[in-house]
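Before any comments, here is the structure.
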Amino acid sequence: MPANLPPQYFEIEKKYRDARDPQEKLVYLQQLLASIPKHKGTEKLQADLKSKISKTKEAIDKQRKTKGGSGGTSYQVEKQGAGQVVLVGLPNCGKSSLVNILTNARVDVGDYPFTTKLPQIGMIEYENIKIQIVDTPPFYEDAPAWLYGLYRNGDILLIMLDGKSDIEQDLDTIKKGLAEHNIFLTEHEFGDIKKSVIIINKIDDESMETRIRGKVGKIGSALPVIAISVGSNRAIDELKHLIFEQLWIIRVYTKKIGKPVEKNEPVVLKAGTTVIDAAEHIHKDFKKNLKFARLWNEHGFSGQRVEKHQVLVDEDIIEFHT
Ligand SMILES: Nc1nc2c(ncn2[C@@H]2O[C@H](COP(=O)(O)OP(=O)(O)OP(=O)(O)O)[C@@H](O)[C@H]2O)c(=O)[nH]1
Ligand SMILES: [Mg+2]
């Protein structure tokens, strides 16, 4: 065994030895390779690890083929509610714990990686609407194609990082892996640009929050970032609000002429929707026959007539006159 291996190497090696699943083993082998200093003294160890990595990849491929081929299994989640948000994160960062705290779903949580094997769904109640959240198996190199399919289908990706780990490196790993599948989090010449929110989990107390502050600034230049703790219930309501904001949706209440408004069942529309678009969304005939509308909101409207191209905002109350 070459000298000068960092203590982290031995911690990962122990996890590698305890791992049963080949996908789990692959993650640890890749972490082991990344953790060793690259110099002459470690060349043999690097070669050994690379050989183990390729053998493990072969074993995973074989396993997939015997289960019906890598393209054979597909897990898609039909959208429900006002929007679909999909979790993306390395093993053990707390994805399933978040789904449990945000929804009534009870998904398995474990202090070992690869607890989640298949997508799981929960509904987040945000004020008077429901937002669908999809818990996913962990992100890793060579993850099955359907996992990327789940990511592509989401209206927003919630990129979750473990605040106790190296968040810059983990975010980099995720971004690179997504980019290899043409999924980009920020402006790019081609491929899907996914709206995303970065969640740094396990920021359990003030001192951790102070420690992480500098890093948050660094990684969050282009994307919204929020530090939370599922374990200590920190910033969970703020996260819900951020998810709602990032979905770019508005809730509009329609009222019958001369009747009071009911606020429990809003119509959910895309931000930027106009009066006429809303009329069409609600009923094709409304659009055809619309003469004008009246609007109420907290920004100065109290039943005034508005034009068809008036842009609606969240919580507008609208009365269609046909
Ligand atoms: N300290 C601390 N631990 C947490 C927090 N959130 C989750 N954990 C713990 O982290 C471990 C992993 O949690 P999971 O929710 O299973 O993580 P996951 O990302 O779903 O894991 P995989 O399904 O394997 O990808 C569990 O032991 C949780 O109790 C947190 O905010 N603080
Ligand atoms: Mg999980």
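Here the structure is a predicted model, which means the values were calculated and not measured. Just follow the structure's listing: the first ligand is 1, and inside any ligand the first atom is 1.
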Lys/Arg N to Asp/Glu carboxylate O, E43 vs K40, below 4.0 Å: yes

For [atom], what is the closest protein heavy atom, and at what distance to 0.1 Å?
{"atom": "atom 24 (O) of ligand 1", "value": "F114 N, 2.6 Å"}
{"atom": "atom 25 (O) of ligand 1", "value": "K95 NZ, 2.8 Å"}
{"atom": "atom 16 (O) of ligand 1", "value": "G110 N, 3.1 Å"}
{"atom": "atom 4 (C) of ligand 1", "value": "K202 CE, 3.7 Å"}
{"atom": "atom 29 (O) of ligand 1", "value": "V109 CG1, 4.0 Å"}
{"atom": "atom 2 (C) of ligand 1", "value": "D204 OD2, 3.5 Å"}

Are side-chain heavy atoms of [X] and [Y] found at a separation under 4.5 Å?
{"X": "Q30", "Y": "I53", "answer": "yes"}
{"X": "E315", "Y": "E298", "answer": "no"}
{"X": "K79", "Y": "N153", "answer": "yes"}

Candidate pair I133 and L102, rule side chain to side chain contact (heavy atoms under 4.5 Å, CB included), full reasoning: CA-CA 9 Å; I133 184 166; L102 286 177; 4.0 Å; yes

Nitrogen or oxygen atoms of S232 and ligand 1 under 3.5 Å apart: no

Within ligand 1, which atoms have a heavy atom of [X] less than 4.0 Å away?
{"X": "P138", "answer": "25 (O)"}
{"X": "S229", "answer": "31 (O)"}
{"X": "G231", "answer": "5 (C), 30 (C), 31 (O)"}

Parallel, tilted or perpendicular: ring planes of F139 versus Y148, cut at 30 and 60 degrees: perpendicular

Among I124, V230, L98, the one residue meeting side chain to side chain contact (heavy atoms under 4.5 Å, CB included) with L239: L98

Option set L90, N92, V99, criterion heavy-atom distance to atom 22 (P) of ligand 1, minimum: N92

Selected option - heavy-atom contact closest to atom 17 (O) of ligand 1, from S96, S97, G94, P91: G94

Enclosure of K270 NZ (heavy-atom neighbours >12, cutoff 6.0 Å): no

Check: T115/D108 side-chain N/O donor and acceptor closer than 3.5 Å: no

Pair E262, Y253: side-chain N/O donor-acceptor within cut-off below 3.5 Å: no

Contact check: S96 to the Mg ion (ligand 2), N/O/S below 2.8 Å: yes

Metal proximity, N92 vs the Mg ion (ligand 2), N/O/S cut-off 2.8 Å: no

Step-by-step side chain to side chain contact (heavy atoms under 4.5 Å, CB included) determination, I276 to H309: CA-CA 6 Å; I276 191 80; H309 298 292; 4.0 Å; yes

Heavy atom of M160, distance to ligand 1 below 4.0 Å: no

C93 touching ligand 1 at heavy-atom level, < 4.0 angstrom: yes

Part of N201 within contact of ligand 1 (heavy atoms, under 4.0 Å): side chain

